**Student:** 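So that we are looking at the same thing, I have put the structure below in structure tokens.
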2 protein chains.
Amino acid sequence: MRLTLYTDYSLRVLLYLADKEGEIVTISELADFFKISRNHLVKVVHNLGLKDYILTTRGRHGGLKLARPAKEILIGAVVRATEPDFDLLECFNPKTDHCVITRSCSLKSVIFNAQAAFLGELDKYTLADMANAPKKALPSFKSIPIVHS
Amino acid sequence: MRLTLYTDYSLRVLLYLADKEGEIVTISELADFFKISRNHLVKVVHNLGLKDYILTTRGRHGGLKLARPAKEILIGAVVRATEPDFDLLECFNPKTDHCVITRSCSLKSVIFNAQAAFLGELDKYTLADMANAPKKALPSFKSIPIVHS
DNA sequence: CATTAATATATATCCTGAATGCATCTTATT
DNA sequence: AATAAGATGCATTCAGGATATATATTAATG
């Protein structure tokens, strides 16, 4: 169970922009700060622009900034907008589903509701809650992270 | 956001065994029924044996069956036991984390709690709830599935 | 209005890991 | 013994995530 680096990077970019709310930031500045591939960031930023999370301006003195106040951007919405898919089980995608028990199986709805719970939990927080917030003010880990051999 | 086919297959195997609680089932029978690779199933079954979800016996008239009553097997526990990892963000794995804001970032705990919500939702149901249960008795989809272009 | 600094976009390549196949064990029953 | 089952390790395939490169486009500025 993973999210893609795309989503990870998308969240980092928005976090950075929220920290500097109002300021214009360039992709190069982001790449420098996070020490990650500028090329990769270009696509992340492009996608965030398409999904109306940021405003981009080209040309000299161009750059990007949040399209909306940080407190209006839900974390869950960002994840929904950046993950390529949410095909948790084969049967989630009718195009590729070959499971012989899809019709009678009740697992699908249970897993789907779990996914809804996941995103719902994320929707409890906004970018503003994350940016510059003292770490201790946020919910702490409720249990020990799961580790597999 | 995905689960692996391993997890998907693991759930299908357990579902099948729950349907036939008590009976001995062979890997070949499972492969035939689900029309999936026997080789792949061998490993799925092996892992389920290691994690004490099933009992396997070799030799003629061997096969597998649930190690515990279906009503004692939580769906969430199965997912935890079969997914290779739960590294939702880069910072979830200290071995590979290179994020420069890990220390001050509060996203980690929020995503972690969302993951806990996901598994917690799955822990509300047991294998027995899934097996042979009329589909309508289970919670239905709460919203329209998310579709991405 | 040409230059330049920025983003936009397409194409190509690399690389990991999931998925699968294959061959050879080991075990247990008959 | 022979047979039918799972156990195990290694090899291979393949998709897709991650990254790089190149070029186009846009807009500010002197």
Side-chain angles (χ1 to χ4, degrees), chain A residues 1-10 12-13 17 23-32 34-51 53-65 67 82-90 93 95-96 98-99 148, chain B residues 1-10 12-13 17 23-32 34-51 53-65 67 82-90 93 95-96 98-99 148:
Chain A
M1 184 176 175
R2 289 193 180 182
L3 299 175
T4 63
L5 252 192
Y6 261 77
T7 297
D8 195 335
Y9 286 176
S10 297
R12 292 189 211 177
V13 166
L17 294 178
E23 288 181 43
I24 293 279
V25 172
T26 76
I27 291 183
S28 297
E29 178 181 342
L30 288 166
D32 281 353
F34 286 112
K35 300 197 193 311
I36 56 186
S37 159
R38 186 182 179 286
N39 299 302
H40 206 176
L41 267 181
V42 164
K43 294 185 184 174
V44 167
V45 164
H46 178 59
N47 179 252
L48 287 174
L50 287 180
K51 302 288 169 56
Y53 282 101
I54 61 177
L55 295 174
T56 62
T57 51
R58 309 203 233 193
R60 195 199 275 239
H61 297 135
L64 31 133
K65 63 177 182 180
T82 54
E83 274 294 290
D85 65 70
F86 289 87
D87 297 345
L88 296 199
L89 298 176
E90 185 178 328
N93 186 343
K95 305 278 184 192
T96 54
H98 295 103
C99 182
H148 286 281
Chain B
M1 185 176 175
R2 289 192 181 182
L3 298 175
T4 63
L5 253 193
Y6 260 77
T7 296
D8 196 334
Y9 286 176
S10 297
R12 291 189 211 178
V13 166
L17 293 178
E23 288 182 44
I24 294 278
V25 171
T26 74
I27 291 181
S28 297
E29 177 181 343
L30 288 165
D32 281 352
F34 286 111
K35 300 194 193 313
I36 56 186
S37 159
R38 186 183 179 283
N39 299 302
H40 207 177
L41 267 182
V42 163
K43 295 184 183 176
V44 167
V45 163
H46 179 58
N47 179 252
L48 287 174
L50 288 179
K51 302 288 170 56
Y53 282 100
I54 60 177
L55 296 174
T56 62
T57 52
R58 307 204 233 192
R60 194 199 276 241
H61 297 135
L64 28 133
K65 62 177 182 179
T82 54
E83 274 295 289
D85 66 70
F86 289 87
D87 297 345
L88 297 198
L89 297 176
E90 184 177 328
N93 186 343
K95 304 278 184 193
T96 53
H98 296 104
C99 182
H148 286 282

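Bear in mind the structure is a predicted one, so any value in this text is a computation, not a measurement.
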**Student:** Please work out if A/R2 contacts a base, only the sugar-phosphate, or nothing of the nucleic acid, heavy-atom cut-off 4.0 Å.
**Tutor:** nothing
**Student:** From the options B/N39, B/V13, B/V42, B/D32, select the one residue that forms a side chain to side chain contact (heavy atoms under 4.5 Å, CB included) with B/I27.
**Tutor:**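 Running side chain to side chain contact (heavy atoms under 4.5 Å, CB included) over B/N39, B/V13, B/V42, B/D32 with B/I27 returns exactly one hit, B/V42.
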**Student:** Name all residues meeting the side chain to side chain contact (heavy atoms under 4.5 Å, CB included) criterion together with B/S28; count only those two or more places apart in sequence or in a different chain, and write none if there are none.
**Tutor:** B/T26, B/R38
**Student:** Between B/K43 and B/G63, who's closer to the 5' end of DNA chain D by nearest nucleotide?
**Tutor:**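 Checking each residue's closest nucleotide, the 5'-ward one belongs to B/G63.
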**Student:** In chain order, what residues pass the side chain to side chain contact (heavy atoms under 4.5 Å, CB included) check against A/T56, with sequence neighbours excluded?
**Tutor:**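 Partners of A/T56 under the side chain to side chain contact (heavy atoms under 4.5 Å, CB included) test: A/V45, A/I54, A/L64.
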**Student:** I need the CG-P distance between A/N47 and D/dG17, as an integer number of Å.
**Tutor:** 13 Å
**Student:** Which part of the nucleic acid does A/T57 contact within heavy-atom distance under 4.0 Å: base, sugar-phosphate only, or nothing?
**Tutor:** sugar-phosphate
**Student:** For chain B and DNA chain C, what are the first and last nucleotides along the strand, 5' to 3', with at least one atom under 4.0 angstrom from a heavy atom of the protein chain?
**Tutor:**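 In short, chain B contacts DNA chain C from C/dA18 to C/dT30.
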**Student:** Are B/R2 and A/R2 close enough that some pair of their side-chain heavy atoms sits under 4.5 Å apart?
**Tutor:**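 B/R2 does not reach A/R2 side chain to side chain.
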**Student:** Have a look at B/S28 and say if it touches a base, only the backbone sugar-phosphate, or nothing, with a 4.0 Å heavy-atom cut-off.
**Tutor:**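 The answer is nothing, as B/S28 stays clear of every strand by at least 4.0 Å.
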**Student:** Is A/R38 close enough to D/dT19 that one of its side-chain N or O atoms is under 4.0 Å from OP1 or OP2 there?
**Tutor:**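 For D/dT19, OP1/OP2 do not have a side-chain N/O of A/R38 under 4.0 Å.
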**Student:** Find the distance B/R58:CZ to D/dT8:P and express it as a whole number of Å.
**Tutor:** 6 Å
**Student:** Please tell me if A/S37 has a side-chain N or O lying less than 4.0 Å from either OP1 or OP2 of D/dA20.
**Tutor:** yes
**Student:** Using whole Å, report how far CG of B/D87 lies from C1' of D/dG17.
**Tutor:**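 Taking CG of B/D87 and C1' of D/dG17, I get 15 Å after rounding.
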**Student:** Between D/dA15 atom P and B/L5 atom CG, what is the distance in whole Å?
**Tutor:**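 It is 14 Å, rounded to the nearest whole Å.
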**Student:** Taking atom types as modelled and ignoring hydrogens, do the side chains of A/T4 and A/E83 form a donor-acceptor contact shorter than 3.5 angstrom?
**Tutor:** yes
**Student:** Does a side-chain heavy-atom distance below 4.5 Å link B/N93 with B/D85?
**Tutor:**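 With C-beta onward as the side chain, the pair stays apart.
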**Student:** Indicate whether OP1 or OP2 belonging to D/dT19 is found under 4.0 Å from a side-chain N or O atom of A/Y9.
**Tutor:** yes
**Student:** Rounding to a whole Å, what distance do you find between B/L41:CG and D/dT8:C1'?
**Tutor:**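 Going from B/L41 (CG) to D/dT8 (C1'), I get 16 Å.
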**Student:** Under 3.5 Å, side chain of A/D8 to main-chain N/O of B/E90, donor-acceptor pair present?
**Tutor:** yes
**Student:** Measure from CG on B/N39 to C1' on D/dT13 and round the result to the nearest Å.
**Tutor:** 13 Å
**Student:** Which residue lies toward the 5' end of DNA chain D, B/L64 or A/G59, if each is placed at its nearest nucleotide?
**Tutor:**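 Final value for this comparison: B/L64.
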**Student:** Considering every strand and a 4.0 Å limit on heavy-atom distances, what is the contact class for B/H40: base, sugar-phosphate, or nothing?
**Tutor:** base
**Student:** Let me know the distance between CG of B/L50 and P of D/dT8, rounded to the nearest Å.
**Tutor:** 7 Å
**Student:** Are A/H61 and D/dT29 close enough that a side-chain N or O sits under 4.0 Å from OP1 or OP2?
**Tutor:** yes
